[in-house]
2 protein chains.
Amino acid sequence: MIQKNAPTLELAPKAEQILDGAMKEFLQRGYAATSMDRVAATAGVSKATVYNHFGDKEGLFEALVKQLAERKFAQVQRSQPLQGDPKVVLRQFAMTLMNNVGKDSDYKAFVRLIIGESGRFPHLAQTFIRNLFKPALTIVTQYLAEQPSLRCTDAEAAARVFLGTLIHFVISQNLMYGDEVVPIEPERVIDCVLESLFQ
Amino acid sequence: MIQKNAPTLELAPKAEQILDGAMKEFLQRGYAATSMDRVAATAGVSKATVYNHFGDKEGLFEALVKQLAERKFAQVQRSQPLQGDPKVVLRQFAMTLMNNVGKDSDYKAFVRLIIGESGRFPHLAQTFIRNLFKPALTIVTQYLAEQPSLRCTDAEAAARVFLGTLIHFVISQNLMYGDEVVPIEPERVIDCVLESLFQ
DNA sequence: GTCTATACACTGATAGAC
DNA sequence: GTCTATCAGTGTATAGAC
């Protein structure tokens, strides 16, 4: 009766299944508007199974956020180290970041959720910062520290200027739909920040 | 029986009263977790009165967001025009922005709410951009366009670099509690962005 | 471990008296 | 315009059978 084939080769198949359903619901509706009923239905399991695995709604939410943060962290770590001419390398980096974040609906929903709930779940916001912003900051800081053409001698501060410019651009133009209110070509901002940071 | 004294001298006393209660609830709990029952109780009116004034929950939320956006807009417009030595003027501007936004709990909650709900209420996110980000962008762009020492000839792009750096700093360090994960003195970032933008 | 069934509180919204 | 009372629906969480 019990099918032993194709257990998807994962440690906890039902847990993965539940997290998949939880992701769809939480990203689409937000934390408070997501019901455990719907998570169970979307995941294709009973509600009691959800509670057995994750304790309560907060436990499920925390497990989901940590999984998403770790998945994206793996992507960042896997990216090739920066090397070469700054203006070429960093322009490529900027375009990748803008396309990777600004046009990925799931990722945009994830960022909205984390920021929106950061007042009630400070620990999850910090997990996001630790797993995603901090590694990016470290990579860019190390790269900038090796560039003699960098105008600002404080490489970490320069990395914050560069990343802050890019991330705020995505937040204001894409997450908040500012591209219809204060439109501008991304290239203009990238050109300007690179022109400013390097001689 | 009916007290005629102290009608608070406002056009719609009950409406203001309801919006005050709605502000407390929505800013603290978010949109979905806020109940109309609690808004009515906090405002000191009956629930039916809330529905008579604002139609439904979305109507109340939109009225609240527009009021908050307009109040903050008035503060921005009232600020003195920028003039004088760029590094002095913009350092002062940056410190004011960081203290005004980063340490005002109500304003932080407002920004979290707007970003968190921007996927479900794009129009309200755009109202926020139009009333708060766009005016700031305009003021800084005009000021930068007059500075001969500006390295980047594209004043609007430079304004986005400057404001993006500052706003992302507040979001990551204050809204998302990144100051405990990736701490840094604000002055280092301000120094760096000014050093980069100006000769 | 997983399911069905259910407890119990609370939700957004409305009807009708005043 | 404001209130009390209430509706139908849904929320989180759990008990008990398998």
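Only heavy atoms go into these numbers, but all of them, side chains included; no hydrogens, no water, no symmetry mates. Quick caveat: nothing in here was measured; it's all calculated off a predicted structure. Naming convention: chains lettered A, B, ... in sequence-line order (proteins, then strands); numbering from 1 in each chain.
Residue B/T49 places no side-chain N or O under 4.0 Å from the OP1 or OP2 atom of D/dG1.
Look at CD on B/E25: it is 11 Å from P on C/dG12, rounded to the nearest Å.
A salt bridge is defined here as a Lys NZ or Arg NE, NH1 or NH2 lying under 4.0 Å from an Asp or Glu carboxylate O, and B/R151 with A/E195 fails to meet this definition.
Applying the side chain to side chain donor-acceptor pair (under 3.5 Å) rule to pairs touching residues 76-87 of chain A yields nothing, sequence neighbours excluded.
Cation-pi geometry between A/K57 and A/Y31 is satisfied (NZ or CZ under 6.0 Å from the ring centre, within 45° of the ring normal).
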### Task
Start with the C-alpha distance between B/F93 and B/Y143, add both sets of side-chain angles, then the distance that settles ring pair (Phe, Tyr, Trp, His ring centres under 6.0 Å), and finish with yes or no.
CA-CA 12 Å; B/F93 180 92; B/Y143 175 76; 9.0 Å; no
Per-nucleotide protein contact along nucleotides 4-18 of chain D, 5' to 3', at a 4.0 Å heavy-atom cut-off (B base, S sugar-phosphate only, - neither), is B------SBBBB---
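For the residue pair A/R160 / B/Q173, a side-chain donor-acceptor distance below 3.5 Å is found, with atom types taken as modelled.
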